[in-house]
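Just below is one structure, and these are the notes that go with it.
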There are 2 protein chains.
Amino acid sequence: MGITRTDLFTKEQNEIALFAKCLAHPARVAILEHLLQKNECVNSTLVLELGLAQATISQHLKELKNAKIIQGTIEGNSMNYCINPVIWKKIKEKFNNIFDQHICCGGNDCC
Amino acid sequence: MGITRTDLFTKEQNEIALFAKCLAHPARVAILEHLLQKNECVNSTLVLELGLAQATISQHLKELKNAKIIQGTIEGNSMNYCINPVIWKKIKEKFNNIFDQHICCGGNDCC
DNA sequence: AAAGTTTATCGTAATATTGCAATATACAAA
DNA sequence: TTTGTATATTGCAATATTACGATAAACTTT
């Protein structure tokens, strides 16, 4: 590469990029969708459901956890993850903030 | 790595990941924001504004173009890019489709 | 035609990401 | 204690991404 030049961009731009990166892999999209539907998320279940190795799932969960999108609680000897509602809302707002900046044809819904 | 196992996921999940990847770099976020605000986007202007090399900007524009998020028209001997409104709307919908699946506290806005 | 301007592409180097086997860690149950 | 179950971490190997200088290509201007 060369390392990403985060110094050239605003904190906001870098933050959006980090959140987008969490959604930038189909496995993480699948994990989040599973989490949203079942309102629970256990590594071993995902291994069966997604077909990726346990270590790989664990790594993806770690990334989502690092971004604070999900948070885990110990349940017996397994780990149960759930969406962090505060961050989730924040992401939704940040993304829509960008999406809604596009004024198409003076605001008509022509497209 | 090992190549991303797109075969394990749905077309929809892979597509969302691809769109997210476009937003997963601060330079591309900055480019899109510039485009949204000025409603135009010329490589040489971005070089001055962002501080990245011309080749680097061109590469980021290419990625956005590949995803069909932007489209370019020749203007004199420069290239002017604009948002593709159809794809933009599609992305917004796909993302919000996911964002809105999170039911917090039975729909109250407690968080 | 020659020189200038602008974008795209190529080649290369550095770094990041993805995937998984193997192992470590933690707790349950027998 | 031993065995079983579940997640995290480590250590690779392979691939992708990012960045930029150097060209190439296309068009404008002089």
Side-chain angles (χ1 to χ4, degrees), chain A residues 1-9 13-14 17-32 34-35 40-67 70-82, chain B residues 1-9 13-14 17-32 34-35 40-67 70-82:
Chain A
M1 291 198 180
I3 193 167
T4 295
R5 299 278 259 107
T6 51
D7 58 303
L8 294 176
F9 309 101
Q13 288 164 341
N14 284 312
L18 283 179
F19 284 137
K21 210 170 278 184
C22 289
L23 293 169
H25 192 287
R28 293 193 291 271
V29 173
I31 288 170
L32 287 171
H34 175 95
L35 222 171
E40 65 156 31
C41 178
V42 177
N43 190 319
S44 53
T45 312
L46 291 172
V47 172
L48 295 173
E49 197 169 301
L50 300 188
L52 285 170
Q54 181 269 322
T56 309
I57 302 274
S58 188
Q59 211 169 309
H60 283 303
L61 287 169
K62 189 183 179 183
E63 280 181 66
L64 293 172
K65 204 170 50 180
N66 282 346
I70 65 174
Q71 50 202 188
T73 52
I74 299 167
E75 194 151 301
N77 63 351
S78 71
M79 200 69 179
N80 197 1
Y81 287 101
C82 71
Chain B
M1 286 199 184
I3 192 167
T4 295
R5 299 278 260 108
T6 51
D7 58 304
L8 294 177
F9 309 102
Q13 287 164 340
N14 284 312
L18 283 179
F19 284 137
K21 209 169 278 183
C22 289
L23 294 169
H25 193 287
R28 292 193 291 271
V29 173
I31 288 171
L32 287 171
H34 175 96
L35 221 171
E40 64 156 29
C41 178
V42 177
N43 190 320
S44 54
T45 311
L46 291 172
V47 172
L48 296 173
E49 197 169 301
L50 301 187
L52 284 169
Q54 182 268 321
T56 309
I57 303 275
S58 189
Q59 212 169 308
H60 283 302
L61 286 169
K62 189 182 177 184
E63 281 182 65
L64 293 172
K65 204 170 48 180
N66 283 344
I70 65 174
Q71 51 202 187
T73 53
I74 298 166
E75 194 150 301
N77 62 353
S78 71
M79 199 67 180
N80 197 1
Y81 287 100
C82 70

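Chain identifiers are assigned alphabetically (A, B, ...) following the order of the sequence lines, protein sequences preceding nucleic acid strands; residue numbering begins at 1 within each chain.
- Across all non-hydrogen atoms, the minimal contact from L46(B) to C41(B) is CD1-SG, 3.5 Å.
- Nearer to the 5' terminus of DNA chain D, by closest-nucleotide assignment, is the contact made by T45(A) (compared with the other of L8(A) and T45(A)).
- Around the CD1 atom of I74(B), the shell of radius 6.0 Å holds no more than 12 heavy atoms that belong to other residues, nucleotides or ligands.
- Toward the 5′ end of DNA chain C lies the nearest nucleotide of Y81(B), the other residue of the pair N77(A) and Y81(B) mapping further downstream.
- The partner of dT23(C) is dA8(D), judged by Watson-Crick or G-U wobble contacts that both fall below 3.5 Å.
- The side chain of A53(A) lies closest to dA21(C) when the candidates are dC20(D), dA21(C), dA8(D).
- T56(A) comes within contact range of at least one nucleobase, with a heavy-atom separation under 4.0 Å.
- As a whole-Å value, the separation of N43(A) CG from dA6(D) P is 10 Å.
- With rounding to whole Å, N80(B) atom CG is found 17 Å from dC27(D) atom P.
- Among the atoms of the strands shown, base atoms are found under 4.0 Å from some heavy atom of A55(B).
- Across all non-hydrogen atoms, the minimal contact from R5(B) to L52(A) is CG-CD2, 4.0 Å.
- Distance NE2 (H25(A)) to P (dA16(D)): 11 Å, rounded to an integer number of Å.
- For K65(A), taking side-chain heavy atoms from C-beta onward, the closest of the listed nucleotides dA8(D), dC27(D), dG19(C) is dA8(D).
- Under the 30°/60° scheme for interplanar angles, the aromatic rings of H25(A) and H60(A) are found to be tilted.
- R5(A) places its CZ atom 17 Å from the C1' atom of dA16(C), with the value rounded to the nearest Å.
- Listed candidates were dT7(D), dT7(C), dT9(C). Nearest to the side chain of V42(A) is dT7(D).
- When rounded to the nearest whole Å, the span between CD1 of I74(B) and C1' of dA26(D) equals 9 Å.
- Sequence order on DNA chain C of the closest nucleotides to G76(A) and F9(B) puts F9(B) first from the 5' end.
- Neither OP1 nor OP2 of dT17(D) sits under 4.0 Å from any side-chain N or O of H60(B).
- dA16(D) atom P lies 17 Å from atom NZ of K21(A), rounded to whole Å.
- Atom CD1 of I3(A) and atom P of dT15(C) are 7 Å apart (whole Å).
- Between L18(A) atom CG and dA16(C) atom P there is a gap of 13 Å when expressed in whole angstrom units.
- Nucleotide dA28(C) forms no Watson-Crick or G-U wobble pair with any nucleotide shown, as no partner meets the under 3.5 Å limit on both distances.
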Tell me, with the steps shown, if I31(A) and L50(A) meet side-chain contact (heavy atoms from CB on, under 4.5 Å).
CA-CA 9 Å; I31(A) 288 170; L50(A) 300 188; 3.9 Å; yes
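- S58(B) comes within 4.0 angstrom of a base, heavy atoms only.
- Nucleic acid contact for L52(B): sugar-phosphate only, since backbone atoms but no base atoms lie under 4.0 Å from a heavy atom of the residue.
- Side-chain nitrogen and oxygen atoms of S44(A) include at least one within less than 4.0 Å of the OP1 or OP2 phosphate oxygen of dT7(D).
- Nearest heavy atoms, F19(B) versus A67(B): CE2-O, 3.7 Å.
- Here E75(B) lies out of heavy-atom contact (under 4.0 Å) with every strand.
- The base of dA8(C) lies outside donor-acceptor range of the side chain of Q59(B), with no N or O pair under 3.5 Å.
- Side-chain to base pairing of Q54(A) with dA6(D): no donor and acceptor N or O lie closer than 3.5 Å to each other.
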